[in-house]
Amino acid sequence: DSGVTQTPKHLITATGQRVTLRCSPRSGDLSVYWYQQSLDQGLQFLIQYYNGEERAKGNILERFSAQQFPDLHSELNLSSLELGDSALYFCASSATSGRFPGELFFGEGSRLTVL
Amino acid sequence: AQSVTQLGSHVSVSEGALVLLRCNYSSSVPPYLFWYVQYPNQGLQLLLKYTSAATLVKGINGFEAEFKKSETSFHLTKPSAHMSDAAEYFCAVSTNFGNEKLTFGTGTRLTIIP
């Protein structure tokens, strides 16, 4: 158990719809990362938040948005869903202490299926 | 920008045989390199990391990797494969100290033959 909690674990929805994925980081971790894993694209970095502020942006579509709340949990919002958005979405957290670069703790993922 | 290339999307080894998973990196600055493992229906778990200290890094479950700057490589090895090692393995690179954004390779699925 990594200590990172993601909900829901599975989600099936239709094209054009909007969904929200939720992530609770490990206790004390200030950074939250979102990754998308699909068969054709592999693991793609989407976005990072640190203590409520956007820190880095990757290959995140304009239809997607995220935020980190004062209690440090994060939500990834996916709108106008397309078939190609079907993927496993991972949240990861880190302490960002600087002493342990790159040690991310991953949740078990939210599997999104768009029909 | 940094990147990693994993050679071989699928590797099969017999139980008890040597495991060798290949990773080459590209980075304009000294890199931090990592191996993560993903078991079926689970998230990724850190296996080991190189952060410019010792070039031979030991990780969990008997795995180790050696950083070779001259070859820009960070291959993962284990002397004797176990059935429980069957998983997908990802090499990753980071270069921003204090910013743990990782760039992952495409992954190598390891199958263990009984």
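Below, each value reflects all heavy atoms present in this structure, side chains not excepted, and no hydrogens, waters or symmetry copies. Letters A, B, ... are given to chains in the order of the sequence lines, protein chains preceding strands, and every chain is numbered from 1.
Cluster membership check: Y33(A) does not share its hydrophobic cluster with L21(A), using side-chain heavy-atom separations under 4.5 Å among Ile, Leu, Val, Met, Phe, Trp and Tyr. The hydrophobic clustering, which links ILVMFWY residues whose side-chain heavy atoms are closer than 4.5 Å, places V19(B) and F74(B) together. In the hydrophobic clustering of ILVMFWY residues, with side-chain heavy atoms under 4.5 Å counting as a link, L20(B) and L110(B) come out apart. With hydrophobic clusters built from ILVMFWY side chains whose heavy atoms lie under 4.5 angstrom apart, L43(A) does not share a cluster with L33(B).
Across every non-hydrogen atom of F106(A) and L44(B), the tightest pair is CB-O, 3.4 Å.
Here the straight-line distance linking atom CD of E88(B) with atom CD of Q37(A) works out to 6.5 Å at 0.5 Å rounding. Atom CD of Q42(B) sits about 9.5 Å away from atom CZ of F90(A), to the nearest 0.5 Å. Atom-to-atom distance recorded for F34(B):CZ and L104(A):CG is 8.0 Å, nearest 0.5 angstrom.
In this structure, L56(B) places its CG atom where more than 12 heavy-atom neighbours from other residues, nucleotides or ligands lie under 6.0 Å away. Around CG of N41(B), the count of heavy atoms belonging to other residues, nucleotides or ligands within 6.0 Å does not exceed 12.
For F104(B) and F45(A), the gap between ring centers reaches or exceeds 6.0 Å.
Contacts of Q45(B) with chain A are absent, with no heavy-atom separation under 4.5 Å from either backbone or side chain. Neither the backbone nor the side chain of Q41(A) comes within less than 4.5 Å of any heavy atom in chain B.
Across L102(B), L46(B), T51(B), a single residue satisfies side-chain contact (heavy atoms from CB on, under 4.5 Å) together with E103(A), and that is L46(B).
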